[in-house]
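Small disclaimer: the values here were computed from a predicted structure and weren't measured.
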Amino acid sequence: MKKQNALLERLILEPQDIDNLCTILCARDIDEKGYEKLRAAYLKMRKMLGEPMQENVVNDYSEHFMVLFYQHFFYNALKDYEISQDFDNYYYAIFSRAYKRDVIKSTIDLCKTLSEETSTFNKEHVLTSYLKALNNSQYSELTELKNIFEQNIVPQTLLQDAIECCKKEKIKLVIFEDNLSEREELKN
């Protein structure tokens, strides 16, 4: 844990060093105390690039930070207004770099956050954005995720509303197709 703390301290001093440290930090477990350090480094970097971040501005530095937040602290980051507002721009990049284990863990974190009454963000928007990006990822047919969504989001109307929102945008969510389990069986 000393090594990870030293790396996070380095990011606070030089946030742009995320280019060199992201892969290393992705390969390590980071304890809960690391969230505040990662947050401080990210906010410093964002300020250096000019605040507020313009909508749809995607840059490598932010992408690296968002990957780390997603992998290690998705629950905390979603609850943090200063961090959560930036995720929409990075879900596609996050899913392209994430492992199955990370996606499952973070989807559980998402469902937990969505189900809490104290969460103040636009839950339907966050869930819809997540589902759209997931739909375009290698995990679009992962039945485990469908089960996580269906069993862990309270109220279930939130999930149904997000699915309907996607349908209105003519996005067919593969994960919620009726014949998904049949296709998975054919693959095996």
Could you tell me the separation between the CG atom of Leu49 and the NZ atom of Lys47, rounded to the nearest 0.5 Å? 12.5 Å
How far does CD of Glu169 sit from NZ of Lys132, to the nearest 0.5 angstrom? 3.5 Å
Between Leu127 and Ile153, is any pair of side-chain heavy atoms under 4.5 Å apart? yes
Would you check if the side chain of Asp102 reaches a backbone N or O of Tyr99 as a donor-acceptor pair within less than 3.5 Å? yes
Mind listing the closest non-hydrogen atom pair of Ser115 and Val154 along with its distance? OG-N, 2.9 Å
Short question: side chain of Gln71, backbone of Cys26 - any donor-acceptor pair under 3.5 Å? yes
Out of curiosity, does Tyr61 fall in the hydrophobic cluster containing Leu38 (side-chain heavy atoms, cut-off under 4.5 Å, transitive links)? yes
Which of these, Thr120, Thr118, Thr113, sits in a side chain to side chain donor-acceptor pair (under 3.5 Å) with Lys79? Thr118
Please name the pair of heavy atoms, one in Lys146 and one in Glu177, separated by the smallest distance, quoted to 0.1 Å. NZ-O, 4.3 Å
With rounding to the nearest 0.5 angstrom, report the CG to CD1 distance, Leu25 to Ile18. 6.0 Å
How about Ser119 and Lys112: do any of their side-chain heavy atoms sit closer than 4.5 Å? no
Go through the steps for Asn152 and Leu114 under the test side chain to side chain contact (heavy atoms under 4.5 Å, CB included), then give the verdict. CA-CA 9 Å; Asn152 294 291; Leu114 291 170; over 6 Å; no
Going through the distances and angles, do Tyr139 and Ile175 end up as a side chain to side chain contact (heavy atoms under 4.5 Å, CB included)? CA-CA 9 Å; Tyr139 305 105; Ile175 198 169; over 6 Å; no
Go through the steps for Leu134 and Tyr92 under the test side chain to side chain contact (heavy atoms under 4.5 Å, CB included), then give the verdict. CA-CA 8 Å; Leu134 178 64; Tyr92 293 98; over 6 Å; no
Roughly how far apart are Phe73 CZ and Leu78 CG, rounded to 0.5 Å? 13.5 Å
Hey, do the aromatic rings of Tyr70 and Phe74 have their centres closer than 6.0 Å? yes
Taking Glu63's backbone N and O only, do any of them form a donor-acceptor pair with Asp60's side chain (distance below 3.5 Å, no angle check)? no
Of all the heavy-atom pairs spanning Ala41 and Pro15, show the shortest one and how long it is. O-CB, 3.5 Å
Result of checking Asp109, Val103, Thr107 against Lys105 for side-chain contact (heavy atoms from CB on, under 4.5 Å): Asp109
So do Tyr90 and Ser62 actually touch side chain to side chain, heavy atoms under 4.5 Å? yes
For Phe69 and Tyr42, what are the C-alpha separation, side-chain angles and deciding distance, and is it a ring pair (Phe, Tyr, Trp, His ring centres under 6.0 Å)? CA-CA 10 Å; Phe69 282 124; Tyr42 176 68; 5.7 Å; yes
Working to the nearest 0.5 Å, report the span between NE2 of His64 and CD1 of Ile94. 12.5 Å
Note: Gln156 and Glu150 closest approach over all heavy atoms is NE2-O, 3.0 Å
Tell me, do Glu14 and Arg10 make a side-chain contact under 4.5 Å, heavy atoms counted? yes
Taking the side chain as everything from C-beta on, heavy atoms only, tell me whether Arg39 gets closer than 4.5 Å to Glu82. yes
Within-4.5 Å side-chain heavy-atom neighbours: Met66 and Tyr91: no
Kindly work out whether a path of hydrophobic side-chain contacts (I/L/V/M/F/W/Y, heavy atoms less than 4.5 Å apart) joins Ile108 to Leu131. yes
Does one side chain, of Asn135 or Ser140, offer a donor that lies under 3.5 Å from an acceptor on the other? no
Distance-only polar pair, side chains of Asp29 and His72, donor-acceptor under 3.5 Å: no
Between Tyr130 and Phe95, is the ring pair (Phe, Tyr, Trp, His ring centres under 6.0 Å) condition met? List the steps. CA-CA 10 Å; Tyr130 192 88; Phe95 284 128; 5.2 Å; yes
Rounded distance (nearest 0.5 Å) linking atom CG of Leu43 with atom CE of Met48: 13.0 Å
Given 3.5 Å as the limit, does a donor-acceptor pair link the side chain of Lys37 with the main chain of Leu8, or not? no
State whether the side chain of Thr128 and the backbone N or O of His125 hold a donor-acceptor pair below 3.5 Å, judged by distance alone. no
Side-chain donor-acceptor pair present, Tyr75, Glu116, cut-off under 3.5 Å: yes
Can you label the angle between the Phe149 ring and the Phe176 ring as parallel, tilted or perpendicular, going by 30° and 60°? tilted
hydrophobic_cluster_shared for Ile171 and Leu158, side chain cutoff 4.5 Å: yes
Would you check, one step at a time, whether the test side chain to side chain contact (heavy atoms under 4.5 Å, CB included) holds for Phe65 with Ile83? CA-CA 10 Å; Phe65 277 103; Ile83 308 295; over 6 Å; no
Ile148 and Gln151, any side-chain heavy atoms less than 4.5 Å apart: no
Test item: Leu145 and Ile104 side chains (from C-beta on) under 4.5 Å apart, heavy atoms: yes
